[in-house]
Structures are given as C-alpha cells and as structure tokens.
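Have a look at the structure below, then the notes.
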Number of protein chains: 2
Amino acid sequence: MDQLRAMRYFSKVAETGSFTKAASIFAVPPSSLSRRVADLEKHLGATLLIRSTRVVKLTEVGQIYYSQLEDILNQIEQSSETVRSYQAKPMGQLRISSMVGFGERILMPLLGEFSGLYPEIILDVSLSDELSTLGRDDVDIAIRGGYAPNERVLAIRLMDNEFIPVAAPKYLAEMGTPKNVMELRHHKGLYFRTPSGPSPWLCNIDGQWHDVSGTIVAVSNNGRWLAEKAVAGQGIMMAARWAVTSYIESGELEELLFDRVLHITQNTDLAVYLLYQKQRYLVPKVKAAVDFLVARVQGKH
Amino acid sequence: MDQLRAMRYFSKVAETGSFTKAASIFAVPPSSLSRRVADLEKHLGATLLIRSTRVVKLTEVGQIYYSQLEDILNQIEQSSETVRSYQAKPMGQLRISSMVGFGERILMPLLGEFSGLYPEIILDVSLSDELSTLGRDDVDIAIRGGYAPNERVLAIRLMDNEFIPVAAPKYLAEMGTPKNVMELRHHKGLYFRTPSGPSPWLCNIDGQWHDVSGTIVAVSNNGRWLAEKAVAGQGIMMAARWAVTSYIESGELEELLFDRVLHITQNTDLAVYLLYQKQRYLVPKVKAAVDFLVARVQGKH
DNA sequence: TAACATTATTGCCTTTATGACAATAATTAT
DNA sequence: ATAATTATTGTCATAAAGGCAATAATGTTA
C-alpha cells in the first residue's frame, strides 16, 4: 500500500466530506479513494470515516488522526519545497499575514522595495488581527503582537509596541488636559476591540493595577478609524507609538504625559514579532523576506 | 512512486551509511533502495547522497532533508500509534442518548461505577425521547423503546418495557377501584404524549382491540411528572413497570389487576433496546459500555 | 409516499510500479 | 595491480493502483 497516497486521499475526503469531490481533485475515480481509504483503515485497524451514500463524516479516531495528518502532510510538502528550492533564487509565492495596523503603516510601504529586490517573488499579503495558525497550509510569515504558539515557530522581536495616550489639541482645549491618570476617568475614550472587551487604560501605582478608562465613545478593531476620530477631537486614545508618530509630528495629535506610565495590558513589554517556522528559513524566499523585514524594521524603529 | 517508502529507504541509508545494510534491514535487495532513492532525488530535483562504492555520504541538502525526515517519519509512526492505542483500550468521548425515564432511573445511577472502571472515557449523556438516528446524529449508543431494523445498527434487548396501570390508594378509595377494563373509561387518566397523540389504554378482547382510555386529566412527555400526579391521586396512569416499582414498593402507587392485560400499543412485547452502530473495526469504548450496560441492566431487571 | 438522483462500493480488467535476481562497473584496501 | 566489496543497471515476475461499469444505499423532491 502506498501509505502516503492513502493518507492524502483520506485527508482530502475528510476535508471535503465526500469521496466524489476528493476524487475529482486528484483526478482519479472515487473507487480508488474508497479502496485506498479502506486499505488505510485496515492498516490502522480502525474505522476513520462513517460513510453513508450522502454524507461522509469522521469518527472520533478519524478526527484525531486527521488533525495529525494535516500537520504531517504539510511538513512533507514543506521539506520537499526546502530541498527543491535549495540554493535557488528567492522565487515563488510568499504569503505574509500581518496585523492590520502594522501592515498598513509599516509593512506595505516596505514591500515595494522588496518586490524590486526579488522580482520573482509573488507576494500574497493578508491583513488581519485574527491569530493565524502558521503551520497549517496558510502562511509563510506572520506578524503579530503575541509570542510564538509552539516550538517549531521562531519569533523575532521586530520592534516595541508601546502604547501611548494621545488626543487632538482641539479636544484638550475643549475638555481640558488631564493633569494625572485619575482624571482620565472623566474623559472620553476611543478603544480597540479585543476578544476580552475594549482594551482598558491601565496604570500601575505602587504595585497595584488600576483601571483608569474613561467613558467609551467608540470601540473598533480598526486603528486607523479610531485615530481619525481622535484627530477629529472625539476623545483620547491609547495607540501604538509607531501608528501615530506621523500624527504627532504633524501636530494633529498630542501625546499625553503623566507621572505614571499608561498601559493597555498588564504586560508592560509589548512588542511586534515576526513569526515563521524555523525550518522554513532554509527556503530562499522566506529567508529573503525575514532578513529584509528584520533589517528594515529594526533599523528604523 | 511510493514517496513514503522512498523516504524511509533514504532515511535508513543515510542512517547506516550503506545501501546494503539498509537493504538488509528492509529485507529487500539493495537495487530496490538504489532505485527508490534515485526516484526521490529526481522528484526533489536534488542530489541527496554522494555515493562511492565504499562510502555513502549525505550532501548538504541531504543532511537538511534527512533531519526533517526523521521528524516526519517519527510523527507518522506516532499518529499510527495513537490510533492503535485508541483501538486497544477504552478511551475518548462516548456519547450516549437515552429515553428520559430510563436515563434518569436506571442509566444515570450506573454511570458512576462505569466512570470508575474506565476513567479515560469521557461520558456525554443526553436524555431525550426523540428518535435519534444513530449515525446521522453524533451518538455512539442509543437506548430506545423500539428500533428500526437496519443492517448497520445492532440492537440488544436490555429489558422488558411492560406498561401497567397504576393509581394511588387515595385515588382508588375516592373514585373506587375499577373492577374490569371497561370501567376504566369512567376514570381519570394521565397520559404520555406521543407523536400520534396521548398514548391510549388498549385491551385485546377475543382478538379485537378496544380503546378503554379514561377522561384526560393530564398529558406529558415527562413520566416523572405524570407519576407524581398519580401519587397525588389525580388519576390512573399506564407506566413502565421499571419506572414505578419504587412507588409500588413504598405503597404510594398500586398496580391495578384485571382479567385482561392492558397495553399502550398493539405491540404486546415492548422492550428497551440498546442500539449501536456496527463498525468494521470494533471500538473499545463502545464495547466496554455495551458489555457493561447489558450485564448490569439484564442482571438486575 | 414514491420515484429519482446522487454517491459509495464492488467486480473485472488494464496499466503502472516495485521486488527479485543476475550481471556490471566502480572504488578502496591489500 | 589485484581482490573484494558495493552501488547500479537490465530483465522479468509480481503486486498494487487506476479505469470503467454495475450495484446498493440513502437523501431529496415532487
């Protein structure tokens, strides 16, 4: 039995939920898949799929096996790519997933130059603040605020992700500039949406954390929109420093300074990380992008 | 090409540093390994091994590929092992769907012991009198009053499901004890709800079925509630014997005896069945539960 | 409720790929 | 230089997978 082939067949049947659909993808008759999957089940001594003529679904073991297979098949594919592209020019499709804010303000502006350096790399950039899995079949490089999900993934600290309170001069003129952090509670606030609610304004006083959030005026997962509202004088916002430097320099926003430092999480050392799978650094396109991004971003910020 | 086989061959050659040694481990001629490795190299478009008649060494890519392969082959082995262990001992999630009455009075009290015997089985019990299809629904074991014959489903008769008329002594004292089945028509009745209306009181007299139902006082799909109303003296009820033995023993309810036997369907041989899917490869968790329930329930009732 | 259409499976045959064995070529140690 | 070990190649036999048609089962639709 060609075990790997059987595994690929099974995996696709599980994914599509149909022998026919999976068969058409492999361009072989469904009967082949049926036999190969049966072989595999015999080999493992377990029923992986519950078949009825209309629906095919995974058994419990099938589910377990499938989730492990996905990982395995991916690794096989990737190691093949590593070998095939070894010592070749950086080329092919490169998928980058980035946080929206970072992507818009920092990543995108750099990619023009990158494409100039490596014209044979086809970029596929997606911006999202969702966590990407990095290791399934989706992304070569991810840029996120959090740290590495598992030991196969390497995380490089790209730059600080310090959050600072900002507001428009117009807002401060109207509402008054808060003199200390406690006064913030009486101000209007613009907040990022996080899975655990609007990200609060936190302040550590003598080892004790205090929530000094002001009244909620707007909540969004879109930093640009929040920043625009801040510029329009609708409230105070905790924004990443790198995201608002241009506004500060132009005078549209103003950094608020207090005796205490404000944060948005109890982790006081936030940073932006570049994540990739360790072994994929050997693939030229990945190495090129990692090296490029690290050099450019760490150099500037 | 059987890629996985080629990968195994290559890996072993790399490990032993010899085609001959590796071949003897797989019990195939060295020529096979030579061809398979060559296939693999062709497939990857890279030379993995430097062969000389005396020594076989890894190339640089070969080394990289080999180290990744070790990981992959290991994971494949491990995932097979996972499946095998799942097939070897009772473990994983076990979903049981039972009729409400049986579940409350008989099944639930047994499950504590079961969990003690098989701590690696995670129970998921749902009680419902709906028909579950066992296959379309995600259920491993179903317990029902009847079953539709089906090739893929195995049914085991767990115990009788005889329905008997019962009433509280208080009710009988007030309303009089019916002397024969025909008198039932002038009594108050508590009825199960079924898809085809309240389940009637039926009696077979000389091969002819007669409906001897009394006036409807209450209808419910909840046997416990009906039984409580019966205990409170609100009427006569046709209840499963196993569901009311405790009431009869305590004297709260009394079984009514007639010259004719009463039924609630024209099927005079009602029983509780345990249903589970026939699988080509036996699933230990299901077998453990089936054996346990059959032994415990058939032993006691 | 009954007919229909879809889908997985099974049987039979063809094609492809792998194993077996012998012969050859190449390299290293003696 | 010779011998011996070892990888490779050629040829054939065998095993495995694909192709196609027919069947059985199941969900859908009128």
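The chains referred to below are lettered A, B, ... by the order of the sequence lines, with proteins before strands, and numbering in each begins at 1. Values below: all heavy atoms of this structure, side chains included; hydrogens, waters and symmetry mates excluded. Bear in mind the structure is a predicted one, so any value in this text is a computation, not a measurement.
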Mind calculating the distance between [atom1] ([X]) and [atom2] ([N]) to the nearest angstrom?
{"X": "A/M1", "N": "C/dT16", "atom1": "CE", "atom2": "P", "result": "22 Å"}
{"X": "A/F19", "N": "C/dA8", "atom1": "CZ", "atom2": "P", "result": "7 Å"}
{"X": "B/Q3", "N": "D/dA16", "atom1": "CD", "atom2": "P", "result": "19 Å"}
{"X": "A/E41", "N": "C/dT9", "atom1": "CD", "atom2": "C1'", "result": "13 Å"}
{"X": "A/D39", "N": "D/dA15", "atom1": "CG", "atom2": "C1'", "result": "12 Å"}
{"X": "B/L49", "N": "D/dT8", "atom1": "CG", "atom2": "C1'", "result": "14 Å"}
{"X": "B/K57", "N": "D/dT6", "atom1": "NZ", "atom2": "C1'", "result": "17 Å"}
{"X": "A/R35", "N": "D/dA21", "atom1": "CZ", "atom2": "P", "result": "15 Å"}

Query raised in the report: Do the side chain of B/T59 and the main chain of B/G62 share a donor and acceptor less than 3.5 angstrom apart?
Result: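 Yes.
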Query raised in the report: Would a distance-only check, ignoring hydrogens and angles, find a side-chain to backbone donor-acceptor pair under 3.5 Å from A/T16 to A/K12?
Result: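 Such a contact is found between A/T16 side chain and A/K12 backbone.
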Please check the phosphate of [N] (OP1 and OP2 only) for any side-chain N or O of [X] closer than 4.0 Å.
{"X": "A/R51", "N": "C/dT9", "value": "yes"}
{"X": "A/S32", "N": "D/dG18", "value": "yes"}
{"X": "A/R36", "N": "D/dA17", "value": "yes"}
{"X": "A/S34", "N": "C/dT9", "value": "yes"}
{"X": "B/S52", "N": "C/dA26", "value": "no"}
{"X": "A/Y9", "N": "D/dG18", "value": "yes"}

Query raised in the report: Is B/E60 atom CD crowded by more than 12 heavy atoms from other residues, nucleotides or ligands, each under 6.0 Å away?
Result: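 No - once you tally the heavy atoms of other residues, nucleotides and ligands closer than 6.0 Å, there are 12 at most.
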Query raised in the report: Does atom CD of B/E15 have more than 12 heavy-atom neighbours, drawn from other residues, nucleotides or ligands, at distances under 6.0 Å?
Result: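 Yes, enclosed.
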Indicate, with a heavy-atom threshold strictly under 4.0 Å, whether [X] touches base, sugar-phosphate, or nothing.
{"X": "A/S31", "result": "base"}
{"X": "B/V56", "result": "sugar-phosphate"}
{"X": "A/R5", "result": "sugar-phosphate"}

**Report entry** Divergence of helical axes at both termini of the helix from C/dT1-D/dA30 to C/dT30-D/dA1 - five pairs an end, 10° steps
**Finding:**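 That helix has its two terminal axes inclined by roughly 40°.
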Report task. Using only heavy-atom distances, determine whether the side chains of B/S213 and B/D211 contain a donor-acceptor pair under 3.5 Å. Result ->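 There is such a pair (donor and acceptor under 3.5 Å, judged by atom type) between the side chains of B/S213 and B/D211.
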Requested in this report: Using the test salt bridge (charged side-chain N to carboxylate O under 4.0 Å, His left out), find all partners of A/K89 that sit at least two apart in sequence or belong to another chain.
Outcome: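 Only A/E120 meet the salt bridge (charged side-chain N to carboxylate O under 4.0 Å, His left out) criterion with A/K89.
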Query raised in the report: Nearest to the side chain of A/T53, which nucleotide is it out of C/dG19, C/dT7, D/dG19?
Result: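 In terms of side-chain proximity for A/T53, the closest of C/dG19, C/dT7, D/dG19 is C/dT7.
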Report task. Check whether the side chain of A/R54 and the base of C/dT6 form a donor-acceptor pair under 3.5 Å. Result ->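 Counting by modelled atom types and ignoring angles, a donor-acceptor contact under 3.5 Å is found here.
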**Report entry** Passing candidate, side chain to side chain contact (heavy atoms under 4.5 Å, CB included) with B/V212, options B/H187, B/M182, B/R260
**Finding:**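 Exactly one pass, corresponding to B/M182.
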Query raised in the report: Do the rings of B/Y65 and B/F10 sit parallel, tilted or perpendicular, given the 30° and 60° boundaries?
Result: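 Aromatic pair B/Y65/B/F10 classed tilted.
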